[in-house]
Colleague: 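Right, I'll just put the structure down here and ask away after.
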Amino acid sequence: MERLSRRRFLKISAATFGAGMVTAGAPAGSALAQAAGAPEQGVRTVPTYCEMCFWRCGGIGYVRDGKLWKFEGNPKDLVSRGRLCTRGTGAVGAVHDPDRLRSPLIRRGKRGSEQWIAVTWGEALDYMAERMKAIKAAHGAESIALFKHGIGVKFIEHVLKSYGVINVTAPSYAQCRGPRDAGYTLTYGVGLGSPEPLDIANSRCLVLIGSHLGENLHNTQVQELGDAIGRGVSLIVVDPRFSVGASKAKYWLPIKPGTDIALLRAWMNVLVTENLYDKAFVTEHGEGFDRFVADIKDATPEWAAGETGLDASLIRESAREMAKHRPATLVHPGRRSNWYGDDSQRSRAMALVNALMGNWGQKGGIFINHNVKVPPYPLPAYPKATRPKVDNPDRRYPFAEEELSQGVRAATITGKPYPIKAWVVYSSNLMSALPNRKETLEAIAKLDLLVVIDTVPSEIAGFADVVLPEATFLERFDELNVVWGRQGSVQIRQPVVPPAYDAQPGWWIAKRLADKLGIGGAMPFKDIEEYLAYRMQKAGLSYEQLRKDGVIVGPPKPIYAADGAEVSFDTPSGKVEFWSEQLADAKLDPVPKYARPEEPPKGMYRLITGRAPMHTFTRTQSNPLLHDLMGSNEVWVNAAEAARLGLKHGQLVRLRNQDGVTTTVTRVKATERIRPDCVYMVHGFGVEAPLLRNAHRRGASTAQLNTRYRIDPVMGGTSIHTNFVSLIKEA
Ligand code: SF4
């Protein structure tokens, strides 16, 4: 490798991040290569699928006179149905983001000082591979961990696993969707996956518990929700905040934060004691129903009223409303379900209310979904690990189905059960994606190597030894996306424009890294097109048609039991488990129990967080188009509380939590749309990454305040709504 001292030293500045955009040449073998040479004229379109969030809507990229012009929905695609959300439409801004990473970087200054030198890909990958080899020699390949997010990681993950890496973790499991999947798996034997098989289009009653669809734009579901509202669906919204969904609801239940299981037990009590549940479904498919009934018999609405702050009559009436419309009543399972540390049990309680509605395989409930079978490419097997994974020692979280990121972090700090010496972080800002930044920094200090692969210089990139600039999703091929839904389908991601600057796609990075590590055989194809075409050919589907249309849709199949869809449950009993033997065996509650949450200390409020339609947490903060739509967050404070504190609407404040962590400045939104015992902020703002000039210190960070977290005893999820804050007036 060339000596670093011979290269130009760059303190990251406009020289690296502020210059005009140049293109790095069209990928060989693609249609774009034909356009190279003469300037391209006119309009052409390329279908691909979106990565502005994880929903993966099919879209069409438009290129006008050689420049990326716009990104719209693909009418042939079943996920987008021809329409994208705000973030998807704003994807063009990710390509044109003036702050995106432009070349590979190697750290020059102290970790966190954000001083690097710009290097070639060969130099960056040599540096990374040399250090990985040294770590493997000294500590074993198990001492290298991968933190990942999204489908783009596919080939990097494969190469690392081929090198012997076993500690591979997605923060989105313990920090987002894991508790919900555990709750459903324990009840029905299967998680709900993504997109969830929810027949919102045909629901007559939809229950949203802390799920603010409409603010949280899961495209397909929001489209179906809009249609459902248009035809008069009965909407029941449980939220401490009068959300957009609540504004359309027949019943709004402004619940005291942390008491959801009390409400759910009371709903179950009403449905059972008033004989409103689906007896035929429970008789045919239920297991342990008598013991379940005995468990909830004292959970009356009058008892729950004292816990939740809701009127007993409202609890009773809303339960009757659900029963009135069953089986076309659907309790939405939510997505980010890590709130208070009792989240698997809350998710299971929600699953049980759905079971009482008998809505599995029913129109307006949870449909039976399908996919298209696309065989894998025959890749070499991974080496056998000689040590266990570090994240969940002794299976202390017995129902964790994926690796726990905070567990990998804890092992990095303690060196137990064995040292973790390198992190490769793909497209995940761990400074916000993990609770308690102090612990993340403590772990980083123990590393011999931290590599970040991303499109922008995120907060975690600031601490990296090596930063690798990935092409944005509109500039690259990725793995095929096999979509589950009413009809299965397969989508392709392909470049609409060539990668800008010196950015490269994940598969390209993986292939070259494999060569540097001496395991080139792990990627036994010339390029990704050969890989994708092989898979499609094995599936008996046309690769050419997929490239042309962006999606191939499978044949229709029955999705309702009445039409012949198979209803079966992969639990130990083969039934819907109202009383869970598995949980009892693990010394956990077989029926979800309620525990009273801690009260906020005097002068403090519980901090709850959520999303805005134009941002996917920190991933989109720097995008100039989306930043224009929402450049900062605000803190929702109950109007009477604000008046009591002498805070006017628009007043600048900082938030300080119970551990003394204080945020940057944000504004007060004094409103009657929130309970007086909590405050609310949109997550993802207050970014501490100076190179993201649009986002740096705009608004306040909820992630910084998340110093105290509880771990879900069922599957190891980490809570987000267990911190309290006070408001400090800013001059
Ligand atoms: Fe893109 Fe929006 Fe679809 Fe997410 S929901 S994939 S951001 S269009």
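Values in this document were obtained by computation on a predicted structure and should not be read as measured data. We're numbering straight along the sequence, starting at 1. Atoms within a ligand are numbered from 1 in the order they appear, just like the ligands themselves.
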Colleague: Among all protein heavy atoms, pick the one closest to atom 3 (Fe) of ligand 1 and tell me residue, atom and distance.
Modeller: Cys57 SG, 2.3 Å

Colleague: Give the residue and atom name of whichever protein heavy atom lies nearest to atom 1 (Fe) of ligand 1, and the separation in Å to one decimal.
Modeller: Cys50 SG, 2.4 Å

Colleague: Output yes when a side-chain donor or acceptor of Ser337 lies under 3.5 Å from a complementary backbone atom of Cys176, and no otherwise.
Modeller: yes

Colleague: For atom 4 (Fe) of ligand 1, what's the nearest protein heavy atom and its distance?
Modeller: Cys53 SG, 2.2 Å

Colleague: Looking at side-chain heavy atoms only, is the closest gap between Leu198 and Leu330 below 4.5 Å?
Modeller: yes

Colleague: When Leu468 is tested against each of Val451, Asp454, Val452 for side-chain contact (heavy atoms from CB on, under 4.5 Å), which residue passes?
Modeller: Val451

Colleague: Check for a donor-acceptor pair, side chain of Gln175 on one end and backbone N or O of Thr718 on the other, with a separation under 3.5 Å.
Modeller: yes

Colleague: May I ask you to list the atoms of ligand 1 that are less than 4.0 angstrom from any heavy atom of Leu217?
Modeller: 5 (S)

Colleague: For Phe685 and His615, I'd like to know if the aromatic rings sit close, meaning centre-to-centre distance below 6.0 Å.
Modeller: yes

Colleague: Got the closest protein heavy atom to atom 6 (S) of ligand 1, with its distance?
Modeller: Arg56 N, 3.3 Å

Colleague: Quick check on contacts: which atoms of ligand 1 are under 4.0 angstrom from a heavy atom of Asn219?
Modeller: 3 (Fe), 5 (S)

Colleague: I'd like to know: is atom 2 (Fe) of ligand 1 within the 2.8 Å range of an N/O/S atom from Cys85, strictly under that distance?
Modeller: yes

Colleague: As an exercise, identify every atom of ligand 1 less than 4.0 angstrom from a heavy atom of Met52.
Modeller: 7 (S)

Colleague: Establish, yes or no, whether a centroid distance under 6.0 Å links the rings of Phe477 and Trp507.
Modeller: no

